[in-house]
Amino acid sequence: MRFVLNGKRTDVLAPPLKRLLDVLREDCGLAGTKEGCGEGECGACTVLLDGAPVNSCLVPLAHVRGRKVTTIEGLRSRVPEALAREGGTQCGICTPGVVMAAAALGPKPNAARVREALAGNLCRCTGYAGIVRALAGPRAAPHPRVRAAGATIARKRKAPGDSRTHRRGRTTTTRQG
Amino acid sequence: MRSVGRSVPRREGLAKARGTARYVDDLRFPGMLHGRTIRATIPAGEIAALHLDFDRAGFTLVDHRDIPGRNVVALIEDDQPYLVEREVRHAEEPVLLLAHEDRDTLRAAEVRLEYRPGAAVLDPERSTRVFKELSIEKGDLAHGFAEADLVVEGEYRTGRQEHVYIEPNGVIAVPAADGVTVYGSLQCPYYVHKALVGLLGLPHEKVRVVQTETGGGFGGKEDYPSIIAGHAALLAVKSGRPVKLVYDRLEDMAATTKRHPSLVRHRTGVTRDGRITAMEIDVLLDGGAYCTLSPVVLSRGCLHATGPYRCDNVRVHGRVVMTNTPPCGAFRGFGAPQTVFAAEAHVDRVAEALGLDPVAFRERNALVPGDTMATGQVLGEDATALAVLREAVKRSDFRRKRRAWRGTNRGIGLSLFFHGAGFTGSGEVMLASRAALELVPRGVRILVASTEMGQGARTTLAQIVAETMGLPLDRVLVATPDTASVPDSGPTVASRTCMVVGGLLKACAEELLEKLGGLTPSAYLRRHGPLRVTRQYEPPPGALWDDATYKGNAYATYGWGCDVVEVELDPVTYEVRPTRVTAVVEIGRAVNPLMVAGQVEGATAQGLGYALLEEVVMREGRMANAQLTNYLVPTTLDTPPIDVTILESPCRQGPFGAKGVGEMPMSGPGPAVANAVLHLGLDVRSLPITPEKVLECVSSSTESERTSWRRR
């Protein structure tokens with residue numbers, strides 16, 4: 001079966017009904033595409049087929065004849081850096097799929113658009129906050145506020161390299177007496 | 001440069017996001033076979049006959065007669081066999097193992113089992129087989145009720161919950177010279193090691209367990225990997241070849257552990273002005289077919305059953321019983337989400353019965369420093385229930401929304417909760433964890449069996465060591481958890497890694513720094529040779545606990561949290577949708593604030609799933625919806641924005657004041673959602689709050705209430 005894989009012409013000898021997911025992992029040696037459920041629900045196996053995200057566990061090999069398949073190994077994107085920086089990856093098993101689904105988003109998406117585009121990618125670790133933060137910016141999903149429980153006025157504690165930029169105003173939190 | 005308190009990115013984050021991190025299913029070994037588990041299909045009975053309806057060429061078969069050591073999964077009780085000998089106690093019980101090099105041939109092999117069916121016990125209330133029973137008593141209950149102006153009773157239920165780590169359970173067993181090495185997705189390498197030593201009858205040094213990058217655990221890879229690793233090892237030993245055993249989603253959901261279903265009854269005495277005078281609490285957990293970790297889950301559940309409230313007269317009675325269903329096991333929160341749900345849902349109902357505001361009622365009774373808990377433990381200065389409550393109420397504008405939304409289809413509710421950090425009772429003393437730190441030319445290397453499973457242990461522990469030694473973070477390496485090279489720092493569970501193991505590493509780092517005597521690691525190595533320091537857990541002075549009476553310090557310290565959940569009721573479908581969560585946690589010290597927030601956000605989403613979506617449907621003792629198509633976990637569209645505030649009140653037990661965080665935020669969303677639904681006028685007392693349960697409740701509501709939900 002001939003198709004274009006990550007920009008290169010590829011010829012794979014495998015049964016036509018073999019799942020694209022297995023072809024990629026077993027026949028092409030590309031283990032970055034993950035299996036989470038095998039039923040098209042979790043999105044961990046997302047790849048791009050002619051530029052559009054698909055669940056590769058639901059795509060038989062025959063379906064990609066003559067088409068372009070892009071996997072995480074062949075994607076040029078800044079999304080991985082953003083996810084790593086903003087807490088958008090924890091256990092990481094869903095992350096390549098998230099990166100592939102995000103690749104289909106236009107530039108500077110808002111939070112609603114990110115949530116819609118990633119509705120087919122299950123993440124059990126992040127509550128999606130870090131993912132939305134990485135893709136739509138910290139304004140869409142703010143960094144955590146950190147405060148002393150006993151303080152009446154939050155002191156600004158600035159640490160080099162700390163990305164927290166959100167401490168503003170006063171807190172009236174008081175320690176019980 | 002400072003390390004602690006900074007949101008440095010996780011160490012392996014880029015490798016994960018670029019798809020280069022290697023998980024167990026990504027590994028292959030020469031000559032590797034694939035494994036498969038043949039399971040019983042009836043909940044109770046005996047195996048009468050077994051028929052192999054396939055050509056056995058190229059297959060390796062293992063049944064209980066092939067076990068060289070003991071046919072028990074070593075955990076708390078020796079009751080669970082690796083492979084059925086005769087008696088079947090649940091419908092997913094493993095009977096026979098197969099291995100073959102071709103997965104399709106393996107899948108096509110047909111095995112038929114004949115049974116002599118037995119009577120199955122599926123209702124925990126009817127079970128007479130008790131795994132563990134306990135009581136916590138304080139004061140005089142009769143006196144407490146006599147003092148009360150009002151007694152409020154309530155019954156609360158929760159269902160099973162599936163972990164849905166996105167990477168299913170999986171291992172590869174590789175036979176080695178008269179031993180075996182197991183690579184796997186797991187939380188506790190030494191649990192698996194202990195189980196394999198017993199199963200295979202091998203000396204300790206002949207069994208090696210190596211953790212591979214782990215795609216989520218949440219407790220689901222605490223006890224279960226001992227089983228799947230044992231199965232793969234049996235196949236590997238018999239075939240003499242590496243064997244990969246990776247479950248597909250259906251098998252993982254059907255056969256592996258779940259959160260224990262619960263039934264909690266409360267009877268609470270209060271004075272008219274809102275002081276709690278008596279709490280009588282009865283906890284029943286369904287443990288499933290075997291004991292697993294159920295006694296400890298029950299302990300933690302009962303120790304959190306009062307909620308974070310002061311009361312002089314308390315009795316908590318708990319039981320966990322056997323049913324003919326797949327065993328329940330560890331799940332983030334470990335019994336506390338069930339009992340905290342009951343306690344916090346009940347508190348709102350007690351406040352309502354008194355005509356009191358739920359915040360005022362909580363403020364009146366919340367534990368403060370110096371208060372005594374049900375076990376007699378006196379709380380330290382870092383007890384911050386009131387601080388988290390007030391911060392969450394203010395931050396969410398709770399009081400205004402509560403007033404403004406009354407009589408609409410919007411509701412707002414809150415929950416106040418706490419969580420003991422580290423093992424329960426004398427657990428840490430018995431574990432006697434060890435951690436080590438050694439010099440390497442580049443700097444130092446951390447040697448612990450504590451695993452990274454997404455929570456950030458690898459990064460956080462390195463931050464603690466870097467800060468203590470004044471080293472740049474990239475000079476601190478972390479060894480792969482491999483039982484051949486790291487000491488047993490205990491299981492990666494119970495919100496203990498940062499606090500307990502981090503504390504040991506801080507002590508190691510201090511000692512190492514002193515031994516260096518001002519030299520750099522590479523200079524020291526050149527001059528004096530290798531250097532390694534090991535520290536073992538020592539209980540803090542005065543920390544006494546009595547397992548027989550449940551008296552004393554149940555935990556070294558506690559984290560505190562308050563959730564405010566805002567919901568919208570769809571008046572047509574009766575779906576309850578969360579629209580915003582305000583989460584405030586006090587966890588001592590945030591070693592890495594973004595990582596802490598990640599735990600809060602993730603557990604909150606998991607808790608919202610528990611509250612609203614996640615329902616394990618059981619039929620004839622089996623999970624009927626063992627797939628992600630109809631066991632629903634929250635997607636991006638089901639998860640609202642989560643506003644996280646971290647309060648710090650450093651405790652003296654943890655490194656730099658840090659307490660545990662991983663489990664606590666799992667307890668908040670359930671009761672906060674139920675209380676938001678109560679604000680809508682709907683009293684639903686069981687989780688998950690599905691549209692069906694709302695419908696049932698609506699049928700008994702008044703016409704004016706129903707009309708009000710249609711108004712915005």
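Letters A, B, ... mirror the listed sequences (proteins, then strands); counts begin at 1. None of these values were measured; they are calculated from a predicted model. Hydrogens, waters and symmetry mates play no part in the numbers below; they use all other heavy atoms, side chains included.
- Proximity to chain A is absent for every atom of B/Glu363, based on heavy atoms less than 4.5 angstrom apart.
- A 6.0 Å sphere centred on CZ of B/Arg22 holds more than 12 heavy atoms belonging to other residues, nucleotides or ligands.
- With A/Tyr128 contributing its side chain and B/Pro634 its backbone, the two residues share a donor-acceptor pair below 3.5 Å.
- Note: B/Gly454 leads B/Gly456, B/Gly454, B/Gly13 in heavy-atom pairs under 4.5 Å with chain A.
- With chain A as partner, the option from B/Asp25, B/Thr20, B/Thr604 having the largest number of non-hydrogen pairs under 4.5 angstrom is B/Asp25.
- Rounded to the nearest 0.5 Å, atoms SG (A/Cys94) and CD (B/Glu167) are 12.0 Å apart.
- Only the backbone of A/Thr126 has a heavy atom closer than 4.5 Å to any heavy atom of chain B.
- Within residues 11-29 of chain A, the residues having any heavy atom under 4.5 Å from a heavy atom of chain B are, by residue number, A/Asp22, A/Arg25, A/Glu26.
- Proximity to chain A (any heavy atom under 4.5 Å) is shown, for B/Pro650, by neither the backbone nor the side chain.
- Pairing each heavy atom of B/Pro593 with each of A/Pro144, the nearest pair is O-CG, 3.6 Å.
- The most heavy-atom pairs under 4.5 Å with chain A, out of B/Ala605, B/Gly598, B/Ala603, B/Ala597, come from B/Gly598.
- Top candidate by heavy-atom pairs under 4.5 Å with chain B, chosen from A/Ile131, A/Leu122, A/Val99, A/Asn121, is A/Leu122.
- Between A/Lys34 and B/Glu213 no salt bridge is recorded (no basic side-chain N to carboxylate O distance below 4.0 Å).
- Note that CD1 of B/Ile646 and CZ of A/Arg147 are 11.5 Å apart. Values are rounded to the nearest 0.5 Å.
- Remark: side-chain polar atoms of A/Arg124 are not paired, donor with acceptor, to backbone N or O of B/Ile166 under 3.5 angstrom.
- Between the B/Arg249 side chain and the A/Gly36 main chain, a donor and an acceptor come within less than 3.5 Å of each other.
- Residue B/Thr214 touches chain A through its backbone alone, counting heavy-atom pairs closer than 4.5 Å.
- Heavy-atom pairs under 4.5 Å with chain B were tallied for A/Glu39, A/Glu116, A/Arg133; the largest tally goes to A/Glu39.
- Heavy-atom pairs under 4.5 Å with chain A were tallied for B/Met453, B/Gln455, B/Gln627; the largest tally goes to B/Gln627.
- Closest approach of B/Leu637 to A/Ala119, counting heavy atoms only: CD1-CB, 3.6 Å.
- Both the backbone and the side chain of A/Gln90 come within less than 4.5 Å of a heavy atom of chain B.
- Side chain of A/Thr95 to main chain of B/Ala17: no donor-acceptor pair is present (N/O by atom type, distance under 3.5 Å, no hydrogens or angles).
- The interface of residues 73-83 of chain A with chain B, defined by heavy-atom distances below 4.5 Å, comprises A/Pro80, A/Glu81.
- With a threshold of 4.5 angstrom between heavy atoms, B/Asp248 does not approach chain A through any atom at all.
- The shortest non-hydrogen separation linking B/Phe218 to A/Cys125 is CZ-SG, 3.8 Å.
- In this structure, CZ on A/Arg85 lies 12.5 Å from OG on B/Ser7, to the nearest 0.5 angstrom.
- B/Arg103 touches chain A through its side chain: at least one heavy atom from C-beta onward sits under 4.5 Å away, while N, CA, C and O do not.
- In plain terms, the two heavy atoms of B/Leu594 and A/His143 that are nearest each other are CD1-CD2, 3.7 Å.
- With values rounded to the nearest 0.5 angstrom, A/Glu35 atom CD is found 11.0 Å from B/Asp26 atom CG.
- Within the 4.5 angstrom heavy-atom criterion, atoms from both the backbone and the side chain of B/Thr629 approach chain A.
- Looking at every heavy atom in both residues, A/Cys37 comes nearest to B/Leu628 through CB-CD1, 3.6 Å.
- Looking at every heavy atom in both residues, A/Ala149 comes nearest to B/Ser649 through CB-CB, 3.9 Å.
- Interface remark: B/Pro168 contributes side-chain atoms only to the contact with chain A (heavy atom separation under 4.5 Å).
- Of the atoms belonging to B/Glu586, it is side-chain heavy atoms, and not backbone ones, that fall under 4.5 Å from chain A.
- Counting heavy-atom pairs under 4.5 Å between each of B/Glu614, B/Met253, B/Glu12 and chain A puts B/Glu614 at the top.
- Interface summary for chain B: among A/Gly120, A/Gly38, A/Ala84, A/Gly130, the most heavy-atom pairs under 4.5 angstrom belong to A/Ala84.
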